[in-house]
Participant: 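I have a structure I would like to understand better, so I am pasting it below and will then ask my questions one at a time.
Computed from a predicted model, the values in this text were never measured in an experiment. Just follow the structure's listing: the first ligand is 1, and inside any ligand the first atom is 1.
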Amino acid sequence: MSEKSPILIDGKLIAATIKEEIKKEVADILDHGQRPPHLVAVLVGDDGASLSYVKSKEKQSQEVGFTSSVYRFPENISEKELLETIDFLNKDNEVDGYIVQMPLPKHIDSRKVTEHIDPRKDVDGFHPVNAGRMMLSLPCYLPATPYGIITLIERAGIETSGKHCVVLGRSDIVGTPMALLMSRKGKDCTVTLCHSKTQNLKEICASADILIAAIGKPAFVTEDMVKPGAVVIDVGIHRIKDDSEKGYYVTGDVDYKAVAPKCSSITPVPGGVGPMTIVSLLTNTLKAYKKEVYKD
Ligand code: NAP
């Protein structure tokens, strides 16, 4: 057990390695005279964070050799028009997978939009069919962030069998699927899923061998919430304003400085879970192209 120097789980490096693997596979596809995989992002409105996520997805898709398209719509697009776009994408044989960047404007029912996506093209893994198949351990597209974390844990060689994994946060896209995946055969953790009504949160977190923080509150996890030698995975991303040239710094849900010396390994923010999320979207798109999940 390390007291002072935890192993840094380098998501940036692991993501770069996976991207190289995808790039090689795409080059091979092109060598065989076939078209590259095609990922589409649908973006509604001008939200800065959404725009920067979509740009990053577009850039990284192109880096691995995918065709990448962005369908941009103004904030006032009607729900009907958006659903028609989705119908079009569902039918387009040249599109392997697509994502609808969330959040959507309030006048659009996000749930309805997600359910309209053909599960075979749902590379974000948000459609109820993919969520249900995940629950039953059937082939499916796993949601990108939990999929990225699982891959990170595997590639970093972290032992999970029989460990107590505490997941902090129960959102549909991060905490809940994360808890499920860690409890499944192969990972074999005993999982506790915590949320805003959890009692004795500190004690529960301090009993974790693996603590996954996806709570959306900067530096929420403090040193006294972490067991010596624990593995800590920080999912949070927060931009905190400061006097630097950039005007902000990026931090996670974990008080890294205080917690890191106590851990056996920990993910940094930035450079931990973040890069793994996009790479998992690319992996899902390649799977969609190869019809690995759904055969027709
Ligand atoms: P979310 O939908 O806001 O969910 C937050 C969860 O934390 C909820 O389940 C909430 O409980 C729980 N919570 C809030 N305050 C709490 C408290 N004081 N004690 C215990 N539980 C509490 O957030 P999310 O979408 O899962 O995202 C979580 C974080 O991950 C955010 O910082 C987000 O930016 C980041 N994120 C990062 C990536 C990436 O690629 N790295 C991807 C997605 C999200 P209730 O359910 O009871 O309200």
Participant: Hey, any chance Ile215 and Tyr256 share a hydrophobic cluster, counting ILVMFWY side chains that come within less than 4.5 Å of each other, even indirectly?
Facilitator: yes
Participant: Below 4.0 angstrom, counting only protein heavy atoms, does anything approach atom 18 (N) of ligand 1?
Facilitator: yes
Participant: Quick one: closest heavy-atom pair of Val174 and Pro146, and the distance?
Facilitator: O-CG, 3.8 Å
Participant: If you measure from atom 43 (C) of ligand 1 to every heavy atom of Val269, Val174, Val167, which option wins on shortest distance?
Facilitator: Val174
Participant: List the closest protein heavy-atom neighbour of atom 20 (C) of ligand 1: residue, atom name, distance to the nearest 0.1 Å.
Facilitator: His195 O, 3.1 Å
Participant: Could you tell me which non-hydrogen atom of Val232 sits nearest to which non-hydrogen atom of Cys263, and how far apart they are?
Facilitator: CG2-SG, 3.6 Å
Participant: Indicate, with yes or no, if Leu152 and Val235 share a hydrophobic cluster defined by side-chain heavy-atom contacts under 4.5 Å among Ile, Leu, Val, Met, Phe, Trp and Tyr.
Facilitator: yes
Participant: Examine ligand 1 and decide if any of its atoms is less than 4.0 Å from a heavy atom belonging to Ala214.
Facilitator: yes
Participant: One thing to verify: whether Glu159 and Lys163 come together as a salt bridge, which I'm taking to mean a side-chain N less than 4.0 angstrom from a carboxylate O.
Facilitator: no
Participant: Taking all heavy atoms of Asp46 and all of Glu75, pick out the closest pair and write down the distance.
Facilitator: N-OE1, 4.1 Å
Participant: If you round to the nearest 0.5 Å, how far is CG of Asn130 from CE of Met135?
Facilitator: 14.5 Å
Participant: Tell me which protein heavy atom sits closest to atom 10 (C) of ligand 1, plus the residue, atom name and distance to 0.1 Å.
Facilitator: Ser196 N, 4.4 Å
Participant: Taking the basic N atoms (NZ, or NE/NH1/NH2) and the acidic carboxylate oxygens, is any pair closer than 4.0 Å for Arg35 and Asp96?
Facilitator: yes
Participant: What part of Val235, side chain, backbone, both or neither, has a heavy atom within less than 4.0 angstrom of ligand 1?
Facilitator: both
Participant: I want to confirm something. Looking only at heavy atoms, which of Gly11, Gly252, Ser171 is nearest to atom 25 (O) of ligand 1?
Facilitator: Ser171
Participant: Tell me, please: is Thr198 in heavy-atom contact with ligand 1, that is, under 4.0 Å?
Facilitator: no
Participant: For ligand 1, note which part of Met276 has a heavy atom under 4.0 Å away: side chain, backbone, both or neither.
Facilitator: neither
Participant: Are any non-hydrogen side-chain atoms of Asp224 and Lys202 less than 4.5 angstrom apart?
Facilitator: yes
Participant: May I ask you to identify the nearest protein heavy atom to atom 46 (O) of ligand 1, giving residue, atom name and distance to one decimal place in Å?
Facilitator: Arg170 NE, 2.7 Å
Participant: Is the shortest distance from a Lys or Arg side-chain nitrogen in Lys57 or Asp124 to a carboxylate oxygen in the other one below 4.0 Å?
Facilitator: no
Participant: How close does the nearest protein non-hydrogen atom get to atom 6 (C) of ligand 1, and which residue and atom is it?
Facilitator: Gly169 CA, 3.6 Å
Participant: What protein heavy atom is closest to atom 40 (O) of ligand 1, reported as residue, atom name and distance in Å?
Facilitator: Thr277 OG1, 2.7 Å
Participant: Any heavy atom of Gly175 sitting closer than 4.0 Å to ligand 1?
Facilitator: no
Participant: One residue to check: Ile215. Relative to ligand 1, which of side chain, backbone, both or neither has a non-hydrogen atom less than 4.0 Å away?
Facilitator: both
Participant: Kindly identify the option in Gly216, Pro218, Gly274 whose heavy atom sits closest to atom 29 (C) of ligand 1.
Facilitator: Gly216
Participant: Could you tell me the residue and atom name of the protein heavy atom closest to atom 42 (C) of ligand 1, and the distance to it rounded to 0.1 Å?
Facilitator: Thr145 OG1, 3.1 Å
Participant: So that I can tick it off, tell me whether Glu20 and Lys24 are bridged by a salt bridge, with the cut-off set at under 4.0 angstrom between side-chain N and carboxylate O.
Facilitator: no
Participant: Check Ile237 against ligand 1 and report side chain, backbone, both or neither, counting heavy atoms closer than 4.0 Å.
Facilitator: both
